[in-house]
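Down below is the structure, laid out as structure tokens.
Nothing here was measured: the structure is a model prediction, and the numbers come from that model.
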Amino acid sequence: MAAPLATNPVTIFLIVLGIILLAPLLLSRLKIPHIIGMIVAGIIVGPYGLNILARDSSFAIFGQVGLLYLMFLAGLEIDMYHLKLNLRKGLLFGLLTFFIPIAVGMLASVFLLHVSWLTATLLAAMYASHTLIGYPVAARYGVTKSPAVLISIVGTIVAVIASLLVLAGAVNVHDSGALRPGGLLALLGKLTAYCIAVLYLYPRLTRLFFKSIADKVTQFVFILVLVFLAAWGAKQIGLEEVLGAFLAGLVLNRYVPASSPLMSRIEFVGNALFIPYFLIGVGMMINIRVVGQPSTLAIASVMLAVALIGKWLPAMIAQKIYRMPRAGRRMMFGLTTAHTAVALAVVTIGYNMTDAAGNRLIDETILNGTVLVILITCAIAPIVTAQAAAQIKIDMLRDGLETESQPSDRKPAHTLIPVSNPLTAAPLVELALLMRSYRRRQDDSLYAIHVRGDNSASSKAIGRNSLEIALKTAAAVDTPVTPIERYDLNAVTGIVNAIEERDISAVVMGMHRKTGVIDTFLGSKIEQLMRMTNRMLIISRCYIPLNTVTRIVVYVPPKAEYETGFSRWVLAVASLSRELGCRIIFCCNNAVRPIIQSIIRTYRIDTRDEYRAFETTDDFVLLANKVLDDDLFIVIGARAKSVSYSSDMKDLPQFLQRYFSRNNLIIIFPDQFGDQAATDTFADPLASNISSTPSPVWSRLRSWLRKVNQAKKRLTHSRPHLHAYDPDDDDDDPLDQ
């Protein structure tokens, strides 16, 4: 073969970047997925095309990194909430998409291709395995949380692991001359130990590292080290690296929120460089000249038919069983039909293995047929996935519009973030981004403000530095932030004036640090701000990064459901829980529980919400022993003379200072006294006039009856309700780990 035209590293990299730039632009007009463009471009510039580039070590390295990166992103972008909901369905689909290709492949290989049973086993393992090469298409359409995609991902895990076990068994038979169960049991034991090690060590290492290192670049490098360490470990136990990368993505999913700057960096690097390199490298391995050979065409036709039928039948059966739409069937087929890495590994191993007579188990004709199968399936998979994703996206938008048509609160959300310190600017912006993600509308806005009381050079430098950090943090997730540098009488006046000028609906700010004996817990500035505005205030004090929080515990005072800003803070904390991937526990009375549930269900915020019955102030104090260092404790406050304000609220700052001084804390003062913000649920207490609040006589009677019932339970030593919190029964405390 002649030498390639481009040999200089700069020229090679320039050509690759040109392909990455132009291929999507050219093929997007033809409605062809850009993945096909990358593969076709690899065929054209590769050694079997125009021979412009050689598939040298750079493509081998970057291609392998791209494949691992693709599998890592697939695990990282999975919505774990939906994955758990579809786990059983995915396991069944995984078994179907493994056993059906295995059975069809072995029969077709033996009776149509006339190969040995050992060779048929190797080919069957190739048919059963697949690569999620169409996953970037689903990600671009934003349908990765749909049941069809999640079922396909779980099925991929099952099918690939089972295929590799079949491959290991075939190699064991070839080497020893007979099937030895001990070898397979040893492989299963190694796999179990490997998974336990990753699941146990990775979360602890990540949480410890993120707590001690705040630099985002260093965190990004740390994540990549864990990914490739997991891939290397999988290779050491005899499995493919892709499984290790995918498992690392699943484990690290919890610590990389979708709206975080770290996630944006990970996606940017992978989609801009590594994954395109992998796709171009796949195209460079394909020799289209083998298509003209009759023997190759005949064998490739049989192999292609087996590969397509073996993946179509499981998708159809799963669609019928789970009563999914046709778009779901096409999505499952599109995601599981592509054969690349594992298929190449299987045929390469078979090509290098010989029988007793010295003949290769897989000859060149079958090898070329496999390459043709890879070419066609890699072309079919993105096209089918794109068509299915478009229909699923339309269905999701239709459902979303139906949901959006229910709520009547169409007022845009404008969030103000006061930044006075460069060290706290980034965490406050990240908190605001995580709490607003439930309603990504173009008319929603973020504002970062720094109020200075003098025109000194140092004050200006601090303000501009703080605003610059806030802008960079939001820009990392492609979210615009409007900076406001203001000179005013004092910080409170400047914030209040900005609230009125910009029609701010929520203020996210840091908590005051008590410095003196006579100083209050909230500080004079926050107390003045509470008196001067009725907008929602979110006051944060977090000692650890938000992505390392294990649980969110929310204390809701009685009658909080009658405040005008009730629905807004419920949506904000539920969105925070969804983005962080942790469960949220609402500690509230039985009257407010169905209303919170109704709001979360109405807006379809997929989060693990749990509820504990809390009635008195004593229950609140006892929470001090239940909220752990890695928990986030959110307290819903109330302004004086509001509906939910009571005499107990006067002691709230003292309780927080005495019992929760070392906990991660957020205090939310909802919208109060302003325009009514409808909760828009069937259980909304604000559907009627505020005078519908229960009378004091009825409240006291209900409280007395509840105390009598609790006393009876203690006397009879009965077990408390499953969702109730009994401070006298530590063993049944649901907040215990």
Side-chain angles (χ1 to χ4, degrees), residues 71 74-75 78 82-110 120-135 138 143-170 184 188 191 239-240 242-243 246 250 302-343 346 373 377 380-381 384-385 387-389 392:
M71 298 302 298
I78 291 176
H82 287 91
L83 181 64
K84 293 179 180 179
L85 293 179
N86 296 277
L87 186 59
R88 294 184 179 180
K89 297 179 180 179
L91 291 175
L92 176 59
F93 176 69
L95 296 176
L96 290 174
T97 198
F98 169 73
F99 283 110
I100 292 179
I102 283 285
V104 176
M106 292 189 68
L107 294 176
S109 299
V110 172
T121 304
L122 290 173
L123 292 177
M126 184 269 292
Y127 295 134
S129 64
H130 57 264
T131 303
L132 291 172
I133 199 172
Y135 185 83
V143 295
T144 55
K145 297 180 181 179
S146 64
V149 176
L150 296 170
I151 290 173
S152 301
I153 291 173
V154 178
T156 299
I157 301 173
V158 176
V160 172
I161 292 177
S163 300
L164 294 176
L165 292 176
V166 171
L167 175 61
L184 292 178
L188 288 174
L191 176 62
L239 296 177
E240 286 296 313
V242 292
L243 290 176
F246 186 81
L250 288 178
V302 175
M303 297 178 66
L304 181 61
V306 173
L308 296 179
I309 293 174
K311 294 301 180 181
W312 174 261
L313 287 177
M316 183 186 66
I317 295 173
Q319 182 234 344
K320 298 297 183 182
I321 293 176
Y322 301 128
R323 299 179 181 179
M324 300 172 64
R326 293 182 179 180
R329 178 180 61 191
R330 294 199 301 269
M331 174 61 72
M332 291 187 290
F333 173 69
L335 288 177
T336 60
T337 193
H339 297 75
T340 54
V342 181
V346 171
V373 169
T377 55
I380 291 176
V384 176
T385 303
Q387 294 175 350
I392 292 175

Taking all non-hydrogen atoms of both residues into account, name the closest pair between [X] and [Y] and its distance.
| X | Y | result |
| --- | --- | --- |
| V306 | A108 | CG2-CB, 3.5 Å |
| F93 | A318 | CD1-CB, 3.7 Å |
| G105 | Y127 | CA-CD1, 3.5 Å |
| A120 | V110 | CB-CG2, 3.6 Å |
| S109 | L123 | OG-CD1, 3.7 Å |

Please round to the nearest 0.5 Å and tell me the distance separating atom [atom1] of [X] and atom [atom2] of [Y].
| X | Y | atom1 | atom2 | value |
| --- | --- | --- | --- | --- |
| M303 | T377 | CE | OG1 | 10.5 Å |
| L91 | L95 | CG | CG | 7.0 Å |
| M324 | M332 | CE | CE | 4.5 Å |
| R88 | L92 | CZ | CG | 12.0 Å |
| F99 | L313 | CZ | CG | 15.5 Å |
| I309 | L304 | CD1 | CG | 9.5 Å |

Just jot down the ring pair (Phe, Tyr, Trp, His ring centres under 6.0 Å) partners of F333, sequence neighbours excluded, or say none.
-> W312
For [X], what residues pass the side-chain hydrogen bond (donor to acceptor under 3.5 Å, both in side chains) criterion, not counting sequence neighbours?
| X | answer |
| --- | --- |
| R329 | Q319 |
| S146 | none |
| T97 | K311 |

All side-chain contact (heavy atoms from CB on, under 4.5 Å) counterparts of [X], not counting sequence neighbours:
| X | answer |
| --- | --- |
| I317 | L96, I100, I321 |
| T121 | M106, V166, A170 |
| A128 | F98, P101, I102, S163 |

Contacts under 3.5 angstrom, residues 152-162 side chains, donor-acceptor by atom type, not counting sequence neighbours:
{"from": "S152", "atom 1": "OG", "to": "A148", "atom 2": "O", "distance (Å)": "2.7"}
{"from": "T156", "atom 1": "OG1", "to": "H130", "atom 2": "NE2", "distance (Å)": "2.9"}
{"from": "T156", "atom 1": "OG1", "to": "S152", "atom 2": "O", "distance (Å)": "2.7"}

